[in-house]
Amino acid sequence: MASLTFRPWTRDAPEAGSLKDVLSRVAADRGHFRELTEAALQEEIAGEGALESSDSDEDDENDDREDSQASAKPATRDDLFKARAEMLQHIDTANNEVMIALDFVSLLLTKDAPEKGKTTISAEIKKQIPLGSLGYDMWQNMPVNKAREAQDALLATNVRMETLQRSADSLLVAADRLESNVRKETQYWDQILSITANGWNVCKLPGQQHRLGVTYGFNESAPEFSRRGIAALNASPDGGILLERGIGSKPKAMRVVLRQGGLAVGRSRVPTVADESETMLEARIRHARNSLFDEELYHELLRESRGQASLGVSTTGDGIVFRSTSAESPQSTEVLLELVGLYDIQDDLDVKLEQDTLAQVIALVARTLLSQAHREKVKKRSGVPPPLSERRDDRPTLPILRPVMAFLLQHTAMKLVNQYTSSIGSLLAAAHIDHEDQLAAFDLSKAAEIHGVEDLAGILMQRWTSESVLSFYGTKITIRLETTLAQSFGTLYTLIGTNGRVSKFTECEELRTSCDAAIASELALYLQRKAGQAWKCNVREALITKHDSKDGKEDRIWVTVDSQAGLLALNSPTKKISWGSQSSSSNTFHDAWLELLG
């Protein structure tokens, strides 16, 4: 590159230039004076439109002002160096553009004149681009073809229409998809709002803030169950909601099965399997809540059964087993508490058994007691906490199984006593003995005081008492039943006679034998009162005797009552008149007495 030398600016010309300078500028601009005439100058002025508006004058003034500013001399040294740097930058830019143009032309020449192009092309271009890779051709203009141009225009129009049609179809598909998404979202949020309005708590899933869930568990439950009381609300492809409880969370329910002689005589009801396509989301949430509640109930029953082996409670592969009576007998009812999957028992739902009602009552009692345990935990937590200590309190066993056993024992005892009372009443009726009987039943005297589940649970936790009364010939025999598991296991039977004598038994067979003897004794006393003072009565043996002074013999008549065999008999040494299920006399009890006397 040629060297560039900077020279200082010339000094400013004087205000009024010399005539020599003016003439030299005119000669340089217009040429020799011989060619300048007034007519030529007027024509030039008229042709160039020297007379301009005031706006043009102002623009000229602005342009002159800018030109004067641009041509102003640097005032300081920094301005001088800045002007120098700007000038060098413009020179470099111009030089770069010239060299690029030169390389382009040289590369183009290497196609047809390689030697000539090599002399001017730069070394950098030689390294990066092969020589002769750029060329040119000259084409002659083709003649105008109107038919082809019309065909090309038609093709272009058709292509444009096809493109527009595809765009319209894409927009329609997008609109349909948007409408479907809006409908699904509306349906999803409508169901969310419906369950929220019904009191269910909808929240974000822990650790998954982008997903919604519903909590249906119980805060008072054990930790392993309270943590499972949440399910995800996933959107289904059709806009509904799928309730996702997690892997392995199949619906389950606790079922009570009553067995006699190895055969099932009663089953509690279990809910049907919730259909995934069920329209009511709240129903599916309720199914999940009930399943979790029954799982916790069965867990608490297992914990309690481990310490009740002395009461006849055992655990098997099927579930928890205990009997309705303390003694094993063919009429004893075996109770099985099991946790079953709803998908595994659908075939048994339509089978109706004799004692289904009793099994359902036992299941309801167990669920009521667990609910009461939850309420007591809430009261305890809301009260004053105990003092802090280093000792860790163990989780207590909930009292559910023992009250259930007490209820079933009382029910079984009442059933046995009522069967006995009914059989005795049948024998007395066969003998035409006027009588009245009152069957044993649960004491409902406090039913009017029950105002909620807590009052009912309080009654279930107390001891059970019932009475059965049999009256005939002015006598009254009372059988009182009392069942409690607080001190001892089983039912206490109390027999109260007419004379106020009290006898207590722990087995129903003992009560039956003693009660038969008491009824026979009362019938013997009745006959002795009818016969007069000559006859004597042995109450213990239900025997009435009379001493005959003529021949020295003793007349003996005794009464026999056997409720198990279903027999009431009036006996003498030579004759027997009986009433019962197998053979029955047509005589009344009093007529049979007279017959034996005659």
Side-chain angles (χ1 to χ4, degrees), residues 254-260 266 268 297-298 300-315 319-329 331-338 355 357-373 375-376 396-419 439-447 449-450 453-468 479-494 504-508 510-511:
M254 192 200 73
R255 184 173 67 173
V256 179
V257 181
L258 303 181
R259 297 175 179 172
Q260 287 183 357
S268 62
L297 174 60
Y298 185 76
E300 295 296 337
L301 289 173
L302 276 178
R303 293 183 66 243
E304 187 179 3
S305 65
R306 295 168 186 167
Q308 309 298 328
S310 61
L311 302 181
V313 182
S314 61
T315 56
I320 306 170
V321 180
F322 63 91
R323 292 188 172 272
S324 60
T325 57
S326 56
E328 295 186 5
S329 64
Q331 298 180 351
S332 177
T333 302
E334 184 183 70
V335 182
L336 171 64
L337 305 176
E338 58 180 354
Q355 300 187 20
T357 303
L358 177 59
Q360 183 64 20
V361 169
I362 295 175
L364 291 177
V365 168
R367 293 186 177 102
T368 302
L369 293 174
L370 179 59
S371 299
Q372 179 61 21
R375 293 186 184 90
E376 292 178 356
T397 302
L398 302 182
I400 301 176
L401 186 59
R402 290 175 68 93
V404 169
M405 295 174 64
F407 170 79
L408 185 61
L409 287 175
Q410 180 71 9
H411 179 271
T412 304
M414 288 193 308
K415 181 180 178 181
L416 295 176
V417 170
N418 290 338
Q419 289 177 353
L439 300 180
F442 285 103
D443 186 9
L444 300 178
S445 59
K446 299 181 180 180
E449 301 177 2
I450 298 177
V453 180
E454 295 186 12
D455 298 335
L456 178 60
I459 293 178
L460 294 175
M461 299 297 291
Q462 298 177 2
R463 64 180 182 177
W464 297 97
T465 58
S466 302
E467 284 187 355
S468 178
I479 301 175
R480 182 174 299 165
L481 299 85
E482 182 178 348
T483 303
T484 177
L485 294 180
Q487 298 177 354
S488 60
F489 176 76
T491 302
L492 180 64
Y493 303 91
T494 303
K504 296 185 177 181
F505 310 94
T506 58
E507 299 294 338
C508 187
E510 297 176 357
L511 171 68

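These figures come from a predicted structure and were not determined experimentally.
- Here the straight-line distance linking atom CG of Leu297 with atom CG of Leu370 works out to 5.5 Å at 0.5 Å rounding.
- Partners of Glu338 under the side-chain contact (heavy atoms from CB on, under 4.5 Å) rule, at least two apart in sequence or in another chain, are Arg255, Val257, Leu336, Val340.
- For the pair Met254 and Arg367, the tightest heavy-atom approach, listed with the atom from each and the gap, is O-NH2, 3.4 Å.
- Rounded to the nearest 0.5 Å, atoms CG (Leu492) and OG1 (Thr483) are 8.5 Å apart.
- Taking CG of Leu409 as the start and OG1 of Thr333 as the end, the distance is 10.5 Å to the nearest 0.5 Å.
- What you find for Ile400 and Ala366 is that their closest heavy atoms are CG2-O, 3.9 Å.
- For Leu439, the side-chain contact (heavy atoms from CB on, under 4.5 Å) partners at least two apart in sequence or on another chain are Asn418, Thr421, Ser422.
- Inter-residue side-chain proximity for Leu398 and Leu369 is flagged as unmet; no heavy-atom pair is nearer than 4.5 Å.
- Residues Leu358 and Leu408 form a side-chain contact, since some pair of their non-hydrogen atoms from C-beta on lies under 4.5 Å apart.
- When every heavy atom of Ala440 is checked against every heavy atom of Ser466, the shortest pair comes out as CB-CB, 4.2 Å.
- In this structure, Thr368 has no side chain to side chain donor-acceptor pair (under 3.5 Å) partners at least two apart in sequence or on a different chain.
- In this structure, Gln360 has no side chain to side chain donor-acceptor pair (under 3.5 Å) partners at least two apart in sequence or on a different chain.
- With values rounded to the nearest 0.5 angstrom, Leu416 atom CG is found 10.5 Å from His411 atom NE2.
- Looking only at side-chain heavy atoms (C-beta outward), Leu311 and Leu401 stay at 4.5 Å or farther from each other.
- Under the side chain to side chain donor-acceptor pair (under 3.5 Å) criterion, Arg463 pairs with Glu482, sequence neighbours left out.
- Glu334 places a side-chain heavy atom less than 4.5 Å from the side chain of Val321.
- When all heavy atoms of Ala359 and Gly266 are compared, the closest pair comes out as CB-C, 4.1 Å.
- Among residues two or more places apart in sequence or in another chain, the side chain to side chain donor-acceptor pair (under 3.5 Å) test is passed with Arg480 by Glu467.
- If you take CG on Leu511 and CD1 on Ile479, they are separated by 5.0 Å, rounding to the nearest 0.5 Å.
- Every side-chain contact (heavy atoms from CB on, under 4.5 Å) that Ala413 has, sequence neighbours left out, goes to Leu481, Thr491, Tyr493.
- Taking both residues in full, the closest heavy atoms of Pro403 and Pro399 are given as CG-O, 3.7 Å, listed atom of the first, atom of the second, then distance.
- The nearest pair of heavy atoms linking Ser305 to Val313 is CB-CG1, 3.7 Å.
- In this structure, CZ in Arg323 is found 10.5 Å from CZ in Arg259, a value given to the nearest 0.5 Å.
- With sequence neighbours left out, the salt bridge (Lys or Arg N to Asp or Glu O under 4.0 Å) criterion links Arg375 to no other residue.
- With sequence neighbours excluded, the residues forming a ring-ring contact (aromatic ring centres under 6.0 Å, His included) with Phe407 are Phe442, Trp464, listed by chain and number.
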Audit row: Leu258, Ile362, side-chain contact (heavy atoms from CB on, under 4.5 Å) steps and yes/no: CA-CA 10 Å; Leu258 303 181; Ile362 295 175; 4.1 Å; yes
